[in-house]
Enquirer: 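Here it is, the structure in full.
The chain is numbered in sequence order, starting from 1.
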Amino acid sequence: MFCKKCGKEIPDDSAFCPKCGAQVNMAHPSGENSSFDYYANQAKQEVQKYNIWAIVGFAVAAVSFFLPGFFTLITGISALVMSIYAAKQIKVTGEKGNVFAILGIIFGSLFILYGILCILLFIGLFDLIEPFESF
């Protein structure tokens, strides 16, 4: 049988969908409360959790605000990798945290660019100070 809410295939004797937590059968066939209700509620609670990788990726990107040049490249790459991984996981599991993952991707990318710019300025590939030396 398939869940009417999310479309996932579920066992015929299921009371709740393990993916979205929607109630499939109104009552248990035996007419009593059973362990089906307990496990269905556990699955429903798990869907309500935030994805930990999305939160960590966003936190690493936020820490980059306080770091000097080269270190933002390292933290930007870390934040980008974790946030992309989180976004892929969220699509599969249905967890919360998609906004954190997207912000981690955006900020991680920006800090990668900022770190590269700082490195290029440091090694002298952009000679921006020379035009101002004539004053």
Enquirer: To the nearest 0.5 Å, what is the distance between CD1 on I90 and CD1 on I102?
Expert: 8.5 Å
Enquirer: So, do V60 and M82 sit near enough that their side-chain heavy atoms are less than 4.5 Å apart?
Expert: yes
Enquirer: Between I77 and F122, is there shared hydrophobic-cluster membership here, with clusters defined by ILVMFWY side-chain heavy atoms closer than 4.5 Å?
Expert: yes
Enquirer: Run the numbers on W53 and Q89 for side chain to side chain contact (heavy atoms under 4.5 Å, CB included), then give the verdict.
Expert: CA-CA 9 Å; W53 287 108; Q89 263 191 343; 3.5 Å; yes
Enquirer: What is the minimum heavy-atom distance between G108 and A79, and which atoms define it?
Expert: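 For G108 versus A79, the nearest heavy atoms are CA-CB, 4.3 Å.
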Enquirer: Can you see which heavy atom on A101 is nearest to which on A86, and at what distance?
Expert: CB-CB, 4.3 Å
Enquirer: Write down the atom of S109, the atom of L80, and the distance for their closest heavy-atom approach.
Expert: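 Looks like OG-CD1, 3.5 Å.
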Enquirer: With rounding to the nearest 0.5 angstrom, report the CD1 to CG distance, I119 to L73.
Expert: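 Result: 4.5 Å between the selected atoms.
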Enquirer: Using the six-membered ring wherever Trp is involved, compare the ring planes of F111 and F65 and label them parallel, tilted or perpendicular (cut-offs 30° and 60°).
Expert: perpendicular
Enquirer: Check the hydrophobic clustering (I, L, V, M, F, W, Y; side-chain heavy atoms under 4.5 Å; chains of links allowed) and say if I112 and I84 are grouped together.
Expert: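 The answer is yes; both residues are in one hydrophobic cluster.
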Enquirer: Decide yes or no on side chain to side chain contact (heavy atoms under 4.5 Å, CB included) for F70 and I74, but give the supporting numbers first.
Expert: CA-CA 7 Å; F70 172 73; I74 295 168; 3.5 Å; yes
Enquirer: Could you pull out the closest heavy-atom pair between I105 and A87, with the gap in Å?
Expert: CD1-CB, 4.5 Å
Enquirer: Kindly say whether P68 contributes a backbone atom to a donor-acceptor pair with the side chain of T72 at under 3.5 angstrom?
Expert: no
Enquirer: Would you name the heavy atoms of A61 and F107 that are closest together and state the gap between them?
Expert: CB-CB, 3.7 Å
Enquirer: Do F100 and V56 sit in one hydrophobic cluster, given that two such residues count as connected whenever their side-chain heavy atoms are within less than 4.5 Å of each other, even indirectly?
Expert: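 Each belongs to a different hydrophobic cluster.
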Enquirer: Testing the basics here: between E95 and N51, what is the closest heavy-atom pair and its distance to 0.1 Å?
Expert: OE1-ND2, 2.9 Å
Enquirer: In terms of hydrophobic clusters joined by side-chain contacts under 4.5 Å, are I52 and Y85 together?
Expert: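 As far as the 4.5 Å side-chain criterion goes, Y85 and I52 are connected within one cluster.
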